[in-house]
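The next block holds one structure in the form of structure tokens; read it before the comments.
In what follows, every heavy atom counts, from backbone to side chain, and hydrogens, waters and symmetry copies are set aside. Numbered from 1 within each chain, the chains take letters A, B, ... in sequence-line order.
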Amino acid sequence: MALYPSPCPLRTRRGGKKRLFILSLCAEDGQEMGVNQHTERIMSNADDYKNSQLYRVRHSTAHVMAQAMLERFPEALIAIGPPIEDGFYYDFDLPRPVTDEDLQWVENRMREIIREGHDFSEKEVTPDEARAFFAGQKYKIELINDLVAGRVDDMGNEIAQPASKITFWTQATFTDLCRGPHVKNTREINPDAVSITFKPPAGAYWRGDENREQLTRIYGTAWETAEQLEEYLHLLEEAKRRDHRVIGEKLGLFTISPLVGKGLPLWKPYGAMMRDTLERWLRQTQLDNGYLPVVTPHIGKLDLYKTSGHYPYYKDSQYAPIQVDEEEFLLKPMNCPHHVMIYKSEMRSYRDLPLRLAEFGTVYRYEQSGELTGLTRVRGFTVDDAHLFVTPGQLLDEFKDVVRLIQMIFNSLGLTDFRARVGTRDPESEKYVGDPAQWEQATQAIIQACEDLGLRYTVEAGEAAFYGPKLDFMVRDVLKREWQLGTVQVDYNLPERFELEYVAEDNSRPRPIMIHRAPFGSLERFMGILIEHFAGAFPVWLAPVQAVIIPIADRHVEPAEAVAAQLRARGLRVEVDKGKSRMQAKIREHRDRQVPYMLILGDRDVENGTVSVRLRTDEDLGALPLADFIEMAASLVESHSLELR
RNA sequence: GCCAUUGUAGCUCAGUCGGCAGAGCACACCCUUGGUAAGGGUGAGGUCACGGGUUCGAAUCCCGUCAAUGGCUCCA
């Protein structure tokens, strides 16, 4: 199997302090492989990629693109242009928007430049020479100054000490401030494996700072062969067909109405059926694991969130408070404070702990409009929330139990392509509250739990919640955007702010520690990811319709209803297709909507008490006694099997 | 929120130069009663996202609003 590793330099949210390499691997047949399934391979391959010919080709192609762009836009200011996962980009400050014609012209010109066979040469210069050369190129001047001052390097990464030297790389008429490495000659780039027209130009802030200039980012990709490029473009097309927004429409799972409000999904019957199935499953699992159900209202007084400390931190991303008479209420952006008040409603003894309060709590957050995406980023969503109130001695075991629960859920659904991220505080940030010693304690507990459970994880500073460190389960959607699903967070802060306590064995009144956890994260996002994960072909237990009965002729409709009634009696979700179209057309239709079982019912079946079973995979199981089929389907449902037979 | 692009039937889309609003699928009705990936016919369905402007005349050109898409920023 040939692997082409492709690192994705991800910037951390806060200040772009560091870069992390995440990879996805594509097998030769284009099948995507797991991100974390292959961590070892990936990690060794991250460096491999940076040292690879493909990396040099992409980096060099970025320079060629900049050269062509400067020919098209002589007054353009250039920023930075690094290789990234799957390609490269270059940021420009341009006098006008880039059109399709511009892109096409530049792409054609790039091919010419490549064919002209220019050498790449490196030259060391002094800071003054560099500044003189880039006079008028304010972004480059800023980079040079930062390099000399030891702040960030030419790719925008933080550096530990001032750069020891400044290097220029030149090909043909284009010279860039750059560390390299590059190919020796543009002839090493395959002009037929280069594209910048496959992706539209994008806005990007200089230095990733929304208060600074907005530049135009042109994305490009380069491969070794034209076939690889074609395959890559094909994969992008395929990904679009898996998109949960496309499948959600096709299968009638959900809709979003501008009149209701953007980012506020409406669940249609089939989608609600699935969502409800997931909810029932987790609810029962939690009951089995000692969680207690609670129910809390959708709003709370503003003072509640002031006490919890949430309000000042996040007031920009909340729906505005509702004023009624003299009081202000907030549509709840999180469930924690409500659960805290339930804890506080009674005197708690150490004998009562751990106390695990669970609720599928719907919350509302006013996310920036540009951030909303289908089900994966919305403004109203339901968290499969629970808060565990534990003693310090219980913390590690409870945390591990939560992680096991999440692992069980992910495994049950075959969601193996995730990574675990330990989010710790960024020591330089002011955002975090609480005692550093407790932070350290909590962080160690999380890492210890990951180690004990053999979980692969990365530690990332600056990814903690403001009140405590956390462990997140991250997955990527079909467009390779990364999303947080399951999360477990350790919190010393809320117990402190709400002055929670319990009576200990020695009659003292210590504070409990809170664990916030949500295995799905949110039902909306989890469903979105599941839709893409299964590409609409859900396991039988989750499928909104598990079987469709297809009567061959009208005279078989009545027996079909009788068969359906028997399936329903075993709890199976079944439809009878009484439509006028022909059987073949019906088969096609239900296969397209990924119904697991199609049961054909004709004279022979009615006579013999059988159904002719066809799977959505096109497998024909032939005529099965009805009781046998029901037994098979029901047992697959009960065991939450991922198989169809 | 910012940059760019887009918005035509329930869905996917065509609509040339500013001159009668189109197709396929889905839907309704009729014929076909069929054994494993689309049988045939007829019909209904539109404030061309919304508001304003230019023009004899606007789906088409201009401005604004709303929404979606890609990216950036953000994400309890």
Side-chain angles (χ1 to χ4, degrees), chain A residues 11 13-14 16 89 91 94 96-100 198-219 240 243 245-246 249-250 252 255-259 261-263 305 308-311 313-318 332-337 363 365-374 377-379 383 385 431 463-468 470 479 481 483-484 487 489 491 516 518 550-557 579-592 598-605 612-616 618-623:
Chain A
R11 310 200 71 195
R13 322 293 201 245
R14 268 164 231 309
Y89 67 80
D91 287 346
L94 301 172
R96 63 169 175 84
V98 177
T99 64
D100 288 349
F198 76 109
K199 202 169 180 175
Y205 298 108
W206 170 236
R207 290 291 172 86
D209 181 346
E210 63 177 324
N211 298 312
R212 303 206 57 183
E213 296 89 337
Q214 179 135 24
L215 308 174
T216 302
R217 176 168 298 178
I218 312 285
Y219 283 96
K240 278 185 202 158
D243 191 309
R245 291 164 296 186
V246 174
E249 162 73 34
K250 195 171 105 184
T255 186
I256 296 175
S257 152
L259 193 54
K262 55 183 169 185
Y305 301 100
S308 73
H310 288 105
Y311 185 67
Y313 280 89
Y314 302 111
K315 73 177 171 202
D316 291 341
S317 53
Q318 289 160 175
K332 75 177 171 189
M334 69 283 300
N335 301 301
C336 334
V363 298
R365 300 178 188 177
Y366 196 78
E367 306 288 1
Q368 292 190 60
S369 60
E371 254 309 324
L372 303 174
T373 300
R377 189 78 182 268
V378 293
R379 283 181 171 169
V383 181
D385 221 345
K431 162 186 159 183
E463 292 295 341
F466 78 89
Y467 49 74
K470 57 181 186 165
L479 299 178
R481 293 180 289 211
W483 301 99
Q484 173 192 318
T487 180
Q489 307 168 4
D491 179 9
H516 307 240
I550 302 175
I552 289 179
D554 283 350
R555 65 180 176 279
H556 306 120
V557 168
K580 291 292 188 184
S581 40
R582 300 182 61 192
M583 178 191 64
Q584 285 84 347
K586 290 179 180 176
I587 287 170
R588 184 189 161 86
E589 181 198 333
H590 300 302
R591 196 205 64 126
D592 281 353
M598 280 157 275
L599 309 179
I600 317 294
L601 200 74
D603 289 331
R604 297 203 296 262
D605 299 294
S612 296
V613 182
R614 185 191 165 105
L615 308 183
R616 67 174 169 221
D618 295 339
E619 258 178 292
D620 188 350
L621 301 190

NA contact type, [X], heavy-atom cut-off 4.0 Å: base, sugar-phosphate, or nothing?
{"X": "A:Asp603", "result": "base"}
{"X": "A:Arg96", "result": "nothing"}
{"X": "A:Asp605", "result": "base"}
{"X": "A:Met334", "result": "base"}
{"X": "A:Gln368", "result": "base"}
{"X": "A:Gln318", "result": "base"}
{"X": "A:Tyr219", "result": "sugar-phosphate"}

Quote, to the nearest angstrom, the [atom1] distance that separates [N] from [M].
{"N": "B:U6", "M": "B:A14", "atom1": "C1'", "value": "16 Å"}
{"N": "B:C20", "M": "B:G40", "atom1": "C1'", "value": "31 Å"}
{"N": "B:C31", "M": "B:G22", "atom1": "C1'", "value": "28 Å"}
{"N": "B:U12", "M": "B:G7", "atom1": "C1'", "value": "14 Å"}
{"N": "B:U36", "M": "B:G46", "atom1": "P", "value": "40 Å"}
{"N": "B:G57", "M": "B:C61", "atom1": "C1'", "value": "13 Å"}
{"N": "B:A38", "M": "B:A44", "atom1": "C1'", "value": "22 Å"}
{"N": "B:A21", "M": "B:A9", "atom1": "C1'", "value": "10 Å"}

- [ ] Would you check if there is a donor-acceptor pair between the side chains of A:Gln489 and A:Tyr467 at a distance under 3.5 Å?
- [x]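 A:Gln489 and A:Tyr467 do have a side-chain donor-acceptor pair below 3.5 Å.
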
TODO: Ignoring hydrogens and angles, state whether a donor on the side chain of A:His516 or A:Asp491 is under 3.5 Å from an acceptor on the partner side chain.
DONE: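 A pair is found: one side chain offers a donor N or O, the other an acceptor, under 3.5 Å apart.
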
[N] pairs with which nucleotide, Watson-Crick or G-U wobble, both distances below 3.5 Å?
{"N": "B:G45", "result": "none"}
{"N": "B:G24", "result": "B:C11"}
{"N": "B:C61", "result": "B:G53"}

Check whether [X] reaches the backbone of [Y] with its side chain - one donor and one acceptor, N or O, closer than 3.5 Å.
{"X": "A:Arg365", "Y": "A:Pro333", "result": "yes"}
{"X": "A:Lys470", "Y": "A:Thr487", "result": "no"}
{"X": "A:His556", "Y": "A:Asp603", "result": "yes"}

Is it the case that [N] (base atoms only) and [X] (side chain only) share a donor and an acceptor within less than 3.5 Å, ignoring hydrogens and angles?
{"X": "A:Arg377", "N": "B:C74", "answer": "yes"}
{"X": "A:Asp618", "N": "B:A37", "answer": "yes"}
{"X": "A:Tyr366", "N": "B:G1", "answer": "no"}

TODO: Examine B:G35: is either OP1 or OP2 under 4.0 Å from a nitrogen or oxygen in the side chain of A:Arg614? Give yes or no.
DONE: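 Answer no for this pair, as no side-chain N or O of A:Arg614 is under 4.0 Å from OP1 or OP2.
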
Assess whether a salt bridge exists between [X] and [Y], defined as any Lys/Arg side-chain N lying under 4.0 Å from an Asp/Glu carboxylate O.
{"X": "A:Glu367", "Y": "A:Arg377", "answer": "yes"}
{"X": "A:Lys250", "Y": "A:Asp592", "answer": "no"}
{"X": "A:Asp243", "Y": "A:Arg245", "answer": "yes"}
{"X": "A:Asp620", "Y": "A:Arg614", "answer": "no"}

Send over the distance from [X] [atom1] to [N] [atom2], rounded to a whole Å.
{"X": "A:Asp91", "N": "B:C72", "atom1": "CG", "atom2": "P", "value": "10 Å"}
{"X": "A:Gln484", "N": "B:C75", "atom1": "CD", "atom2": "P", "value": "12 Å"}
{"X": "A:His590", "N": "B:A37", "atom1": "NE2", "atom2": "C1'", "value": "13 Å"}
{"X": "A:Gln584", "N": "B:U33", "atom1": "CD", "atom2": "P", "value": "14 Å"}
{"X": "A:Arg379", "N": "B:G1", "atom1": "CZ", "atom2": "C1'", "value": "10 Å"}
{"X": "A:Ile587", "N": "B:U36", "atom1": "CD1", "atom2": "P", "value": "8 Å"}
{"X": "A:Asp209", "N": "B:C74", "atom1": "CG", "atom2": "P", "value": "8 Å"}
{"X": "A:Ile600", "N": "B:A37", "atom1": "CD1", "atom2": "C1'", "value": "11 Å"}

Open item on the list: Pick the closest RNA chain B nucleotide for A:Arg217 and for A:Ala553 by heavy atoms, then say which residue is nearer the 5' end.
Closed with: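 It is A:Ala553 whose nearest nucleotide is closer to the 5' end.
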
Task: Comparing A:Leu601 and A:Thr216 on RNA chain B - which has the more 5′ nearest nucleotide - done: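 So the residue in question is A:Thr216.
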
Open item on the list: Can you give me the closest heavy-atom contact between A:Gly263 and A:Val378, atom names plus distance?
Closed with: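 Looking at all heavy atoms of both residues, the shortest contact is O-CB, 3.3 Å.
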
What does [range] look like as a protein-contact string, B for base, S for sugar-phosphate only, - for none, at under 4.0 angstrom between heavy atoms?
{"range": "nucleotides 4-15 of chain B", "result": "S------S----"}
{"range": "nucleotides 59-68 of chain B", "result": "--------SS"}
{"range": "nucleotides 23-32 of chain B", "result": "----------"}

TODO: May I ask you to check if A:Arg217 and A:Tyr89 form a cation-pi contact, with NZ or CZ under 6.0 angstrom from the six-membered ring centre and within 45° of the axis?
DONE: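 Output yes; distance and angle both within limits.
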
Open item on the list: Does any part of the side chain of A:Arg212, heavy atoms only, come nearer than 4.5 Å to the side chain of A:Tyr205, both counted from C-beta?
Closed with: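 No, every pair of side-chain atoms sits at 4.5 Å or beyond.
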
